Amino acid sequence: MVGLARSGRAAARALSSLGRDVTVVDSGTPVPGDVGDARIVLNSDGVSELEHARWVVKSPGVPRQAPVIAKALEEGLPVLGELEVGWRLLGAEFIAVTGTNGKTTTTELLGHIHRTAGIPAQVAGNVGTALTELVDTDAPLIIAECSSFQLEDSELFAPEGAILLNIDADHLDRHGTFDLYLQAKLRVFAHQGNDDIAVVPSGHGIEDLGGCARRITFGDGLDSEMSVRAGELFWAHEPLIAVSELGIRGAHNVQNSLAAAAMCLARGIEPEAVAEGLRTFRGVEHRLEDVGEYSGVQYVNDSKATNISSTVVALQAFAGRRVHLILGGEGKAQDFSVLKPVTDQCAGVYLIGAAAEEIAEAIGSGEQCGTLEAAVERARAQAVAGEVVLLSPACASFDQFADFEARGRAFKELVR
């Protein structure tokens, strides 16, 4: 098992509980945590352990270029991701959600709709709970958020339902090219059969999605099975719910709602339950999360926005309002000049982290603050009643925080 983060520990526990002889390797010295009966080797590239290995299981955060993975592939050892291992060990039906943006929100929304309809379902994957943590449970349905890091290591993964929300350039520092990133995402459909369901955006422009699943499209066009018309969500030419009734804000969340509703309705959930689930869902932590209003200024935590397109849709959610935007972190080889048109409309831009200077050069503006604490203080000093202070960094968090959740929690604490 390569990598001792959350999914690595979960996979080690699950496999050792089944009587497998497990060794966990990590190039750093993290606190091991519970790995069951697994043997732990820290501060090692793991290459020397391969002579004892029959299988290699890879945490999603470990690149395929890591020495131990490259060597394993060279020697013809099976290399599986934690997602693949979890799917193989679990007997449940699966709905998989992928895309560049909106995965967490849509995954949690699907879980909420199923619970509203009285259907037991467990939300897992990239959203929080590692799949292999569920090996001892009897959940009949698992709704899994699937990142490109997880999907690139899938081999036979065949969910009964799969959603592609959208696709835009992201994680190019990991995948190298947009085409390789896209190929990783499309593996979610690769092994689906005729009885499975694939939900995709209309006009996606992808020549071959792969697999044999029934295709359901969603979007704004009349040719979509799930669409928006005259301010209402329609399914099979019948109105389902008004856009104004949705429990989450923003045009991007209309699309997320369309995708989730399409999957649920195609799988047979009653329209009334789907509509009620859409109406009562209030979103997820760190994604356009309303932290509170102080001195008339609204503070919003969008720490989950770890790429440019996610920040763009966040700003669109506050169209017509003056926004003070906090940007920056670890850049992921993105083209930040794309942000210039939207940041030109901001009342202030406050830059933090490793990519701060790169962003400033690309957009031609922004105050260098260095830390999140300094940025929040600067925004607080400049914002006036009626305006919004928005943390939507367009970057990963690893230069200054353990993850985007830690960054979001720090922002909320600073605001409070």
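When reading the values below, keep in mind they use all heavy atoms of this one structure, side chains included, and skip hydrogens, waters and symmetry mates. Predicted model only: the values in this text are computed from it and were never measured.
With rounding to the nearest 0.5 angstrom, the CD atom of Q334 is 4.0 Å from the CD1 atom of I308. Atom-to-atom distance recorded for E160:CD and I95:CD1 is 9.0 Å, nearest 0.5 angstrom. In this structure, the separation between CZ on F318 and CG on L390 is 6.0 Å, given to the nearest 0.5 Å. To the nearest 0.5 angstrom, K185 atom NZ is 6.0 Å from I167 atom CD1. Separating the CD atom in Q122 from the CG atom in L131 is a distance of 9.5 Å, to the nearest 0.5 Å. A distance of 9.0 Å separates OG1 of T100 from CG of L182, quoted to the nearest 0.5 Å.
Judged by distance alone, the side chain of S44 and the main-chain N or O of V41 form no donor-acceptor pair under 3.5 Å. With hydrogens and angles disregarded, a donor-acceptor distance shorter than 3.5 Å links the side chain of H191 to the backbone of E155. A side-chain donor-acceptor contact under 3.5 Å links E84 to the backbone of L156. Of the possible polar contacts, none joining the Q65 side chain to the A70 backbone as a donor-acceptor pair under 3.5 Å is found. Judged by distance alone, with hydrogens and angles left aside, the side-chain atoms of S154 form no donor-acceptor pair with the main-chain N or O of F157 at under 3.5 Å. Here the side chain of K103 pairs no donor or acceptor atom with the backbone of T107 at under 3.5 angstrom. Between the side chain of D302 and the backbone N or O of L288 there is at least one donor-acceptor pair closer than 3.5 Å. No donor-acceptor distance shorter than 3.5 angstrom exists from the side chain of E82 to the backbone of G125, with no hydrogens or angles considered. Side-chain atoms of S59 come within 3.5 Å of backbone atoms of V2 as a donor-acceptor pair (strictly under, hydrogens ignored). Formation of a donor-acceptor pair under 3.5 Å by the D399 side chain with backbone atoms of A354 is found in this model.
A salt bridge between R407 and D403 is absent, with no side-chain N of the basic residue lying under 4.0 Å from a carboxylate O of the acidic one. The pair R267-E93 meets the salt-bridge criterion, with a side-chain N (NZ, NE, NH1 or NH2) lying under 4.0 Å from an Asp/Glu carboxylate O. With respect to R64 and D153, a salt bridge is recorded, a charged nitrogen being found less than 4.0 Å from a carboxylate O. A salt bridge links E377 with R380: at least one charged nitrogen is closer than 4.0 Å to a carboxylate oxygen. Of the charged side-chain nitrogens involved, none lies within less than 4.0 Å of a carboxylate oxygen, so that E405 and R409 do not count as a salt-bridged pair.
Between L134 and T129, some side-chain heavy-atom pair lies under the 4.5 Å cut-off. No side-chain heavy atom of R378 sits under 4.5 Å from any side-chain heavy atom of E373. When side chains are defined from C-beta on, F234 does not count as touching L240, because their heavy atoms never get closer than 4.5 Å. Looking only at side-chain heavy atoms (C-beta outward), R214 and I216 come within less than 4.5 Å of each other. Between V97 and L110 the shortest side-chain heavy-atom distance falls below 4.5 Å. At a threshold of 4.5 Å between non-hydrogen side-chain atoms, the residues M1 and V25 do not count as touching. D37 has its side chain out of reach of V22: every pair of non-hydrogen atoms, C-beta onward, lies at least 4.5 Å apart. Residues E387 and V384 meet the side-chain proximity criterion, which asks for heavy atoms closer than 4.5 Å.
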Q: Run the numbers on L391 and L325 for side-chain contact (heavy atoms from CB on, under 4.5 Å), then give the verdict.
A: CA-CA 6 Å; L391 170 68; L325 175 65; over 6 Å; no
Q: Kindly indicate, with the supporting measurements, whether the criterion side-chain contact (heavy atoms from CB on, under 4.5 Å) is fulfilled by V56 and L80.
A: CA-CA 6 Å; V56 178; L80 302 179; over 6 Å; no
(Q) Working note: V24 + R39, criterion side-chain contact (heavy atoms from CB on, under 4.5 Å); need CA distance, chi angles, decisive distance, verdict. (A) CA-CA 6 Å; V24 187; R39 171 174 164 257; over 6 Å; no
Q: May I have the step-by-step check of side-chain contact (heavy atoms from CB on, under 4.5 Å) for E133 and R6, ending in yes or no?
A: CA-CA 10 Å; E133 287 187 40; R6 179 186 63 204; 4.0 Å; yes
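The local environment of CD in E413 is sparse, with at most 12 non-hydrogen atoms from other residues, nucleotides or ligands closer than 6.0 Å. Atom CG of D21 sits in a sparse spot, with 12 or fewer heavy atoms from other residues, nucleotides or ligands closer than 6.0 Å.
In this pair, H324 and Y350 present their aromatic rings parallel. The plane angle is below 30°, not in the 30 to 60° band. Using bins of under 30°, 30° to 60° and over 60° for the plane-to-plane angle, the ring pair H286/F404 lands in the perpendicular bin.
A donor atom on one side chain and an acceptor atom on the other are found under 3.5 Å apart for R287 and S310. No side-chain donor from either of Q316 and H252 sits under 3.5 Å from a side-chain acceptor of the other. Counting only N and O atoms by type, the side chains of Q345 and R322 include no donor and acceptor under 3.5 Å apart. Using modelled atom types, one finds no donor on one side chain facing an acceptor on the other under 3.5 Å when comparing T23 with H52. In the model, S309 has a side-chain atom that pairs as donor or acceptor with a side-chain atom of N101 under 3.5 Å. For the residue pair S202/T217, the side-chain donor-acceptor check at 3.5 Å is not satisfied. In this structure, a donor-acceptor pair under 3.5 Å is absent between the side chains of N301 and E285. When only modelled atom types and interatomic distance are considered, T104 and K304 share a side-chain donor-acceptor pair under 3.5 Å.
Applying side-chain contact (heavy atoms from CB on, under 4.5 Å) to Y299 and the options V389, V388, D290 leaves one that passes, V389. The side-chain contact (heavy atoms from CB on, under 4.5 Å) with I359 is formed by just one residue from the set C395, P393, S337; it is C395.
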